[in-house]
Amino acid sequence: MRIQNIDLYLIKLTLRAPFTTSFGTYRELSRPFVVIGTEDGLTGVGEVPTLSDPAYKAEVDPPSVVTSLREFVLPAVARRQNEIGSIGTIQDLRASYAWIKGASFAKSAVEAAFWDIEAQRRGTSLATFWGGSRTEFPVGVSIGGTNVEDVLNRAAKAVDLGYSRLKVKIWPGFDVEVARALRKAHPDILLQVDANSAYDLSTWPVLKGLDGLDLLLIEQPLFDDDIVLHSEISKDLQTPVCLDESIHSLRDAQAAMHLWRQNGILDRLIINVKPPRVSGFSEAIEIINTCSDHGVKTWIGGMLDSGWGKAMNLQLNSLSAVNLPGDHFSPGGAYFERDVITENLTAPNGVYSIPAGVSTCVDFDWTVLTELGEKVFHLSVDRND
Ligand code: OSB
Ligand code: MG
């Protein structure tokens, strides 16, 4: 394709319920959206699911993402097109910015916009384009509450809405008790916990108290940049450990599989695949397929994404190699006061059905770009001929 222009918008999304993790509470999120226009008149959109600050991971905050996109990633794409005439494939696109270290979240939105355009050009859903064969699958919710009662209330709403898989945020001082209360209230639910790297080598042993609660997994107990120590503590936990923050690439996933295999516990490794954390859907698909080849379970994680980002992740969830329910829905109805798609996503009885349609199979609400935010950068990609 020949890209004509790339616009970067920053819009404000307001959560209907505050979301608390081990590293803070979110109410309002400022989100960059990349909009690519092609010479043949197609338009693609990619969201960067930023959080307000770099507490989850480096380079996940809006200032860092906007700087990476404006200064390096978008100019690199333009330069590449001017050098080779057109960006024909996703591989060409990724090659244009492969030299830039990090910036995974920023890069992922450019790739997402490109996939959106390519799916439109083929008149196919992203699910079909990516080889997804499942048209229906169960989805889960993530509960970011502040105390046991709050978590139980949110869980009750989610269960009322039909969700069969719950994940709860934990941190030191708020872990075994809340998990036990949830298990007692919902004896048969698929239940998992997410620590967002809140434990260290002196505090993690308390997590052994979760064994026996029949949890699916414990997500990212230790440091955000660690794989090795996670593999070591996994030897002493019966509950599988799931990596989120530490996985940026297929290589990271392979390193994890190597360590867990060496310890003889590969069946206790699970990987949360968040496309924006691994620089986009191409890398995400490689991770999902490689994990599946080695019997390592994966699921699609979320970043409190807007309906647009969630719709893309749901398309990815149609891959049969994804074997656990993902974080796609809020426990209490819509995530945001006003979302960026024209109709809210729904999962009756906790099951999402891929609708008929093209690309994300949902409609982007173009009015949000100016009503909830503004354009912060415009790049005309000059013709070279
Ligand atoms: O670690 O999975 C996480 C939300 C913000 C930051 C980190 C995480 C989360 C979630 C995802 O738990 C919730 C969702 O998007 O549905
Ligand atoms: Mg997580």
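In this text the structure is predicted, and so the values were computed from the model without any measurement. First listed ligand is number 1; within each ligand, the first listed atom is number 1.
Grouping the Ile, Leu, Val, Met, Phe, Trp and Tyr side chains by contacts below 4.5 angstrom, directly or via other members, places Val358 apart from Leu314.
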With side chain to side chain contact (heavy atoms under 4.5 Å, CB included) as the test, would you mind laying out the steps for Leu126 and Ser359 before giving the verdict? CA-CA 5 Å; Leu126 286 166; Ser359 185; 3.8 Å; yes
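When only interatomic distances are considered, the shortest N/O to N/O separation between Tyr56 and ligand 1 does not fall below 3.5 Å. Residue Asn272 has no N or O atom closer than 3.5 Å to an N or O atom of ligand 1. Remark: ligand 1 and Thr21 share no N or O pair separated by less than 3.5 Å (distance only, no angle test).
Under a 4.0 Å criterion applied to the non-hydrogen atoms of Leu51, ligand 1 contributes the atoms 6 (C). Close approach of ligand 1 to Glu219 (heavy-atom distance below 4.0 Å) involves ligand atoms 2 (O). Atom numbering of ligand 1 starts at 1 in the shown order; those under 4.0 Å from a heavy atom of Ser142 are 10 (C), 12 (O), 13 (C). Atoms of ligand 1 found under 4.0 Å from any heavy atom of Phe19, numbered from 1 in the order shown, are 4 (C), 10 (C), 12 (O). In summary, the atoms of ligand 1 found under 4.0 Å from a heavy atom of Asp244, numbered by their order in the structure, are 1 (O), 2 (O), 3 (C). Close approach of ligand 1 to Asn196 (heavy-atom distance below 4.0 Å) involves ligand atoms 1 (O), 3 (C).
A cation-pi arrangement is found for Arg165 relative to Trp299, the charged atom lying closer than 6.0 Å to the ring centre and inside a 45° cone about the ring normal.
Taking the charged nitrogens against the carboxylate oxygens, Arg122 and Glu118 do have a contact shorter than 4.0 Å, which makes a salt bridge. Ion pairing between Asp244 and Lys274 holds under the 4.0 Å rule for side-chain N and carboxylate O.
Taking each of Glu245, Met303, Lys167 in turn, the one with a heavy atom nearest to atom 2 (O) of ligand 1 proves to be Lys167.
Distances shorter than 4.0 angstrom occur between a heavy atom of Leu304 and an atom of ligand 1. Ligand 1 lies within reach of Lys310, whose nearest heavy atom is under 4.0 Å from it.
Note: Trp115 and Trp130 have perpendicular aromatic rings, judged against thresholds of 30 and 60 degrees for the angle between ring planes. Relative ring orientation between Trp308 and Phe364 is described as perpendicular, the plane-to-plane angle rising above 60° on a 0-90° scale split at 30° and 60°. By the 30° and 60° cut-offs, the orientation of the rings of Phe19 relative to Tyr335 is perpendicular. Between Phe72 and Trp99, the ring-plane angle classifies as perpendicular under the 30° and 60° cut-offs.
Nearest protein heavy-atom contact of atom 7 (C) of ligand 1 is Lys274 NZ, 3.7 Å. Ranking protein heavy atoms by distance to atom 11 (C) of ligand 1, first place goes to Gly302 O, 3.2 Å. At the top of the distance list for atom 16 (O) of ligand 1, counting protein heavy atoms only, stands Tyr335 OH, 2.7 Å.
In Glu177, the CD atom is not crowded: 12 or fewer heavy atoms of neighbouring residues, nucleotides or ligands sit closer than 6.0 Å. Heavy atoms from other residues, nucleotides or ligands lying under 6.0 Å from CD of Glu71 number more than 12.
Within Asp194, the N, O or S atom at minimum distance from the Mg ion (ligand 2) carries the name OD2. Counting just the N/O/S atoms of Asp244, the one with the shortest distance to the Mg ion (ligand 2) is named OD2. Here the N, O or S atom of Glu219 that is nearest to the Mg ion (ligand 2) is OE2.
Atom CD of Gln220 sits about 7.5 Å away from atom NZ of Lys57, to the nearest 0.5 Å.
If you look at Lys169 next to ligand 1, the close heavy atoms, those under 4.0 Å, all belong to the side chain.
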